[in-house]
Amino acid sequence: MRDFSNDHSALALNTATLGHNLDGFGAGWSPEQVIDGCAARGYGGVVFWRREIGVNAIAIGERAKSAGLKVAGLCRSPFLVGPLAPKDKDAIRDDFRSSIDMAAGLTAPILTIVVGGVEPGTKGMRDSLKLVAERVADACEYAEKVGVRLALEPLHPVYGGDRSCLVTVRDAVDLCNAVNATNLGLAIDVYHVWWDTDLAAQLKRAGENLIYGFHLCDWLSETRDILLDRGMMGDGVADLRGIRHAVEEAGYNGVCEVEVFSKDNWWKRDPNEVLDVVVERFRAVC
Ligand code: ZN
């Protein structure tokens with residue numbers, strides 16, 4: 001396992017950690033300020049959300065590169081199924097493709113996919129997962145042409161109804177195997193997988209070819225808001241070292257992306273403080 005105690009070159013900031021992915025939260029730093037703040041502290045990369053990029057993908061990608069930062073990824077695809085997905089199949093496909101184009105413009109190698117919840121009119125996960133497989137397969141062909149890889153992120157089962165019918169690494173590996181595209185893999189997020197006692201075995205099944213990303217935060221034992229009360233690494237009950245060990249044993253050696261949604265704590269702080277604490281915790285407890 002890599003030793004991060006004196007080296008945080010593998011650290012990437014997901015800008016959600018500064019509250020940028022929602023209106024009215026965070027200090028409102030521009031992408032350029034985020035790039036400068038991360039570069040000044042020696043971060044290796046940054047992951048943006050679509051709403052921050054607008055029509056400036058190419059310029060922001062170049063800005064990051066010239067500051068010495070990788071744009072490690074882009075969040076995220078539209079929901080592909082379920083009650084929060086765009087209104088019809090064509091709208092879903094078009095928005096999926098424009099998210100892929102944005103990733104390509106940024107030169108982000110990975111676009112994260114959050115698949116969406118249970119399709120209206122159906123019950124349980126199976127029918128929705130079948131639809132997801134069809135829509136992802138179509139997008140993989142499109143993404144292949146512009147050099148973007150797609151990372152399916154299984155979410156914690158608590159989001160199963162509206163945000164993600166994909167709730168286990170096991171089902172995500174099955175989905176990758178069913179679609180069988182060379183540019184489809186997984187993003188493993190501590191928040192969503194920390195509880196899974198079968199995680200190491202499923203990561204081994206995935207292997208290095210399927211693990212595209214690793215996201216860090218912590219699970220607070222008293223979670224007050226299931227979406228917006230993630231913990232900073234070290235403040236919760238997730239076995240961060242154990243999970244990273246399993247991810248790296250399976251062959252992953254890419255960036256570790258810190259993604260802390262925290263409307264009542266970290267989003268209220270000065271981003272300079274947040275960026276400093278992320279580096280300290282990354283070195284000390286991850
Ligand atoms: Zn994540």
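Note that ligands are numbered from 1 as they come in the structure, with each ligand's atoms numbered from 1 the same way. Keep in mind that what you see is a predicted model, and the values were worked out from it rather than measured.
With respect to the Zn ion (ligand 1), Glu153 has OE2 as its nearest N, O or S atom. Between the Zn ion (ligand 1) and the N, O or S atoms of Asp189, the shortest distance is to OD2.
Within the 2.8 Å limit, His215 places at least one N, O or S atom next to the Zn ion (ligand 1). When distances to the Zn ion (ligand 1) are checked against a cut-off of 2.8 Å, Glu259 contributes an N, O or S atom below that limit.
The other members of the hydrophobic cluster of Ile110, by chain and number, are Tyr212 (side-chain heavy atoms under 4.5 Å, ILVMFWY only).
Legend: residues meeting side chain to side chain donor-acceptor pair (under 3.5 Å) with Asp276, ordered by chain and number and at least two apart, are Arg41.
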Start with the C-alpha distance between Phe48 and Ile60, add both sets of side-chain angles, then the distance that settles side chain to side chain contact (heavy atoms under 4.5 Å, CB included), and finish with yes or no. CA-CA 10 Å; Phe48 288 109; Ile60 293 170; 3.7 Å; yes
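A cation-pi contact links Arg269 to Trp266, judged by a cut-off of 6.0 Å to the six-membered ring centre and 45° from its axis.
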